[in-house]
Amino acid sequence: MGNMFCFQCEQTAGCSGCTGAQGVCGKKEDTALLQDELTGALIGLARDFYGRDHGASADRVIIEGLFTTITNVNFDNEDIRRRIDAVRAERSRLTAAVAGEYDMNRLWRDDEDIRSLKSLILFGLRGMAAYAYHALVLGYTDGEVNDFFYKGLAVVGGTFGMDELLPVVMETGKVNLKCMELLDRANTETYGSPVPVTVPLTIEKGPFIVISGHDLRDLQLLLEQTKGRGINVYTHGEMLPAHAYPKLKEYPQLKGNFGTAWQNQQKEFKDIPAPVLFTTNCLMPVKDSYRDRVFTTEVVAYPDMVHIDEEKDFTPVIEKALELGGYAEDRVMTGINGGTQVTTGFAHGAVLGAADKVVEAVKSGAISHFFLVGGCDGAKPGRNYYTEFVKQAPKDSMILTLACGKYRFNDLDLGSIGGLPRIMDMGQCNDAYSAVRVASALAEAFGCGVNDLPLSIVLSWYEQKAVCVLLSLLSLGIKNIYIGPTLPAFLSQNVLNVLVEQFGISPISTPEEDLKKILNR
């Protein structure tokens, strides 16, 4: 093909694929081609080691390499080249390679149904790699999860029909559920089980640092290094749920949350008098108005930005915070709907701790329905659907949410039922595991299947972690999921038909129509 082709995220050009000099995400053609080269090298490595003893170093190379290719993670060509070299160095441990590196043009030019199923596997692996990485840096790993990276990549590089690929698609979801469970255990055993907490959006006067992304370990290290320095720390985006972990709450300089979802960063970071540390996606192309204040770490990289290496010395970030000085007076900021605070911390431990109250509220009729409304946020028009859906949901219903899609409505005050707030933020996108745990517990309490519960799932998707979460839900047999704002471009009509027939997946329409269908079902 010779030029860029990318259709892995929701915003892809024309809902068909980015093919020009630059993708909608800001990724340039040469960067996209290097990411394809990295993926092809990873497939070659996986084919070499699949079914063999691959070892921890190969596992890490595959996990980091896949994570690097997620949307809005890495825009730095030199860093991607280094990762390609690392993959090739890992392959050199074998006396003879089993196969050459895979040419990704073969995938992009393949039969549309084969391409669709292989894309589901590949993009699911990329999302799962992010979760595996966050667990890995905390010292947690799982052999079954690691082995599946090799199998999945080998399948993407192999010659298979639809009947052979469909089970691997479902297996991707099943293994990702195990990976999310691993990360949940890593986070809770390291930082304690999340507890509900109210988080202010006001930024106090004085020096501060904003930390974005998903990596709790980076936040902990930053908090350790800012102790006694007179610098406050604020979360951004998917880092918001960190406020709910007891061991992170112990740091008094962890003050609140700055801004809203990732797609607003170019506006919200304009002229910010503080540095911003990106630990994972979603990093957007950096504007000149705050270019000198952006720092990256882990697999995140952007040309000409200061990168904090594996030694994790955050001195440059701290010095920049002291130099900029922060706001002269407290700055009252709001969420998308004008609210001045948000809540988080309703992970499975907290919700199941109140299971008796929840079950009794359902039996008494105080709670009529549960809606899981969450997922990725994004810039495309139509995402206000999720705000309106939540506003129009029956006043005796509960809203479970997770990931950055919650920023569309998490500053709303919808009241409470039986002492529980109607909006319960379960955490980051990987905390879909919490939602599964809660749904399974409710089904057990009522002696029914999950699909028989008064529970409806309405997802917003953007990138590859949303793909693997969806596959995990499908692997559990969960049906009638609504997804939007558009269906993935990589789903061929035949593959979509399979998902509709087997799982009842529906594209969103309007809040009014969808609520009518859900509640009349």
Side-chain angles (χ1 to χ4, degrees), residues 173 177 346 348 351-352 355 358-359 361-363 365-377 382-403 405-406 408-410 412 414-415 417-418 420-427 429 431-461 466 469-487 499-521:
L177 185 64
F346 291 93
H348 61 88
V351 177
L352 294 181
V358 174
V359 171
V362 175
K363 288 181 176 178
I367 296 177
S368 67
H369 206 89
F370 295 90
F371 295 98
L372 175 60
V373 185
C376 307
D377 205 354
R383 286 184 180 266
N384 61 328
Y385 164 95
Y386 298 94
T387 310
E388 293 305 314
F389 186 97
V390 167
K391 285 181 177 179
Q392 294 179 35
K395 296 192 185 323
D396 58 356
S397 65
M398 302 292 287
I399 311 295
L400 308 177
T401 189
L402 47 81
K406 62 175 165 270
R408 290 282 166 174
F409 51 80
N410 68 338
L412 292 171
L414 298 185
I417 299 176
L420 297 170
R422 284 191 57 218
I423 296 179
M424 294 196 290
D425 174 21
M426 309 190 89
C429 54
D431 290 309
Y433 172 72
S434 276
V436 169
R437 284 282 304 273
V438 169
S440 299
L442 287 174
E444 183 177 347
F446 289 105
C448 65
V450 171
N451 290 313
D452 300 315
L453 288 170
L455 167 68
S456 300
I457 300 176
V458 184
L459 297 180
S460 54
W461 84 281
V469 169
L470 175 63
L471 294 180
S472 290
L473 296 174
L474 298 183
S475 74
L476 292 169
I478 295 175
K479 297 184 177 182
N480 302 316
I481 296 172
Y482 287 75
I483 186 171
T486 59
L487 292 174
L499 297 180
V500 171
E501 290 167 8
Q502 292 189 12
F503 301 102
I505 281 184
S506 299
I508 61 171
S509 57
T510 66
E512 295 82 2
E513 287 299 314
D514 291 344
L515 280 165
K516 184 177 179 180
K517 283 194 293 184
I518 289 169
L519 297 174
N520 288 340
R521 183 177 297 138

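- Taking E388 as the reference, nothing meets the side chain to side chain donor-acceptor pair (under 3.5 Å) condition, with sequence neighbours excluded.
- Of all heavy-atom pairs spanning P507 and Y482, the tightest one is O-CD2, 4.3 Å.
- Put simply, the side chain of S434 does not reach to within 4.5 Å of the side chain of L402, judged on heavy atoms.
- The nearest pair of heavy atoms linking V359 to A445 is CG2-CB, 3.9 Å.
- Interatomic distance, L470 CG to I505 CD1, rounded to the nearest 0.5 Å: 5.0 Å.
- Between the CG atom in L453 and the NE2 atom in H369 there is a gap of 9.5 Å [rounded to 0.5 Å].
- The minimum heavy-atom distance between L455 and A439, with the atom names listed, is CD2-CB, 3.9 Å.
- In this structure, the side chain of S460 engages the main chain of C376 through a donor-acceptor pair within 3.5 Å.
- Closest approach of D514 and I508 over heavy atoms only: OD2-CA, 3.5 Å.
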**OP:** Decide side-chain contact (heavy atoms from CB on, under 4.5 Å) for Y433 and L177; before the verdict, give the C-alpha distance in whole Å, the side-chain angles of both, and the deciding distance to 0.1 Å.
**Re:** CA-CA 7 Å; Y433 172 72; L177 185 64; 4.2 Å; yes
**OP:** For the pair L414 and V390, evaluate side-chain contact (heavy atoms from CB on, under 4.5 Å) and give the outcome as yes or no after the intermediate values.
**Re:** CA-CA 9 Å; L414 298 185; V390 167; 3.5 Å; yes
**OP:** List the steps, then state whether side-chain contact (heavy atoms from CB on, under 4.5 Å) holds for L352 with V358.
**Re:** CA-CA 9 Å; L352 294 181; V358 174; over 6 Å; no
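- In terms of the side-chain contact (heavy atoms from CB on, under 4.5 Å) criterion, residue partners of C429 (sequence neighbours excluded) are, by chain and number, Y131, H214, E238, A403, K465.
- Nearest heavy atoms, L473 versus L459: CD1-CD1, 4.0 Å.
- In terms of modelled atom types and a separation under 3.5 Å, the side chain of W461 and the main chain of T486 share a donor-acceptor contact.
- D425 pairs by the side chain to side chain donor-acceptor pair (under 3.5 Å) definition with T344, K406, not counting sequence neighbours.
- F371 CZ to T401 OG1: the interatomic distance, rounded to the nearest 0.5 Å, is 13.5 Å.
- Rounding to the nearest 0.5 angstrom, the gap separating the CG atom in N410 from the OG1 atom in T387 is 10.0 Å.
- To the nearest 0.5 Å, atoms OG (S368) and CE (M398) are separated by 10.5 Å.
- No side-chain heavy atom of L420 sits under 4.5 Å from any side-chain heavy atom of V351.
- The minimum heavy-atom distance linking D431 with M426 is given by the pair CB-O, 3.4 Å.
- Rounding to the nearest 0.5 Å places CZ of R408 at 4.0 Å from CG of D377.
- Sorted by first and then second residue, the side chain to side chain donor-acceptor pair (under 3.5 Å) pairs involving residues 439-453 (not counting sequence neighbours) form an empty list.
- Residues satisfying the ring pair (Phe, Tyr, Trp, His ring centres under 6.0 Å) test with Y386, not counting sequence neighbours, are none.
- A side-chain donor-acceptor contact under 3.5 Å links R422 to the backbone of S397.
- In terms of the ring pair (Phe, Tyr, Trp, His ring centres under 6.0 Å) criterion, F370 has no residue partners (sequence neighbours excluded).
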